[in-house]
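Throughout, protein chains are lettered first and strands after them, A, B, ... in sequence-line order, and every chain is numbered starting at 1. No hydrogens, no waters, no symmetry mates; every other heavy atom, side chains included, goes into these values.
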Amino acid sequence: MNLDLLTALNKEGAARRAAVLITEVDTGRQRLVRETDVAGDPLRHRLEEHLDLRKSGLVEQDGRQFFLNVQVPSIKLLVIGAVHVGQALAPMAAGLDLAVTIIDPRSAFATPERFPGVNLLPEWPDDALTRIGLDRHTAVLTLTHDPKIDDRALVEALRSDCFYIGALGSRKSHAQRLDRLRAGGFGEEDLARIHGPVGLNIGAVSPAEIAVSILAEIISLLRRERRIAREAASR
Amino acid sequence: MITSDADILKEAEDWKRSGRGVAVATVIETWGSAPRPVGSHLVIDHDANFLGSVSGGCVEGAVITEAMDVIADGRARVLEFGVADETAWQVGLTCGGRIRIYLERVEDGSAGPAWGHGSDRALR
């Protein structure tokens, strides 16, 4: 690996752009393919596949073996609601390399004192989400319980291809939430994308435990392919 | 805090720029129960300082030893580790899995790798 290639790869990472470093295993020949150049690469389909799964791996073409070192930007976790669960969740999420932003138009909640070192936006979620941009490396989580705040975020999330949407609330409030979104024109397939009540069912009680259950659910989706492969192998 | 493999590659670049001999080990294939996923990196300098992990501690020692040779001769290698009795290596993975590791030297500037036909200059 020459230093130029390594520098270029790191530069893409710093700019939050995906890139793949391809190594031909037998010869050591390497090239860097930036996200924007994937379409023109001879290994294009394999690159797209591995970028989608956020996964490095070996591929073969014309009897030659290539290692695709996939570097993708960290997951953006956009949390609506500067509430108690968010306070517990933000430091845990940082430890998992998730890039957390907390969004809450109620500026009394979204204070640096309550969220030290966390990226805070005292804005309405639809404005913030539109500006930030939601892609398949993004998770959206609503925590306020307040329909006039949460629903705006859910609408934006459902219009995007973000990989995770979670909404805090009881079964009853979730059913009401789905009714409102249905009335707003979303179909059952859309609504099925929302994880609600949010989090894996681990019997969580405290805000910190709820944060663990939510983060575990996000990880289970991020590692879905790996999880499914292991479950299949153990059968 | 250095947690991700991207952080480790950034460190490899910094080490190289500060004049150290540097090798990068990458997990390229795993079978069975492997402790670190494909794409995990270990970066090693000429004084055997290292960062990152390719096996969660099982084979790091052997990889670091081999890295000293790679830093000296510049020849990239593929290393394979399995359970201790199935391999020529003195160490193995207690978890019973197997891993393949690509170990290469970080070369100055635009020099291609010593092994093979020179680098593809697809950098645009």
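- Between A:Arg159 and A:Glu156 there is a salt bridge, with a side-chain nitrogen of the basic residue lying less than 4.0 Å from a carboxylate oxygen of the acidic one.
- Only the backbone of B:Val27 comes within less than 4.5 Å of a heavy atom in chain A; its side chain stays farther off.
- Residue contact with chain A, scored on non-hydrogen atoms closer than 4.5 Å, involves the side chain of B:Glu104 exclusively.
- Interface remark: A:Gln65 contributes side-chain atoms only to the contact with chain B (heavy atom separation under 4.5 Å).
- When only modelled atom types and interatomic distance are considered, A:Thr144 and A:Asp150 share a side-chain donor-acceptor pair under 3.5 Å.
- Residues A:Arg16 and A:His137 bring no donor and acceptor atom of their side chains to less than 3.5 Å of each other.
- For A:Leu9, the part lying under 4.5 angstrom from a heavy atom of chain B is the side chain only.
- Of the N and O atoms on the side chains of A:Thr7 and A:Asp4, not one donor lies less than 3.5 Å from an acceptor on the other residue.
- Taking 4.0 Å as the cut-off between side-chain N and carboxylate O, A:Arg131 and A:Glu123 count as a salt-bridged pair.
- With a 4.5 angstrom heavy-atom cutoff, A:Ser74 does not touch chain B via any of its atoms.
- There is no contact between B:Ala23 and chain A, counting heavy-atom distances below 4.5 Å.
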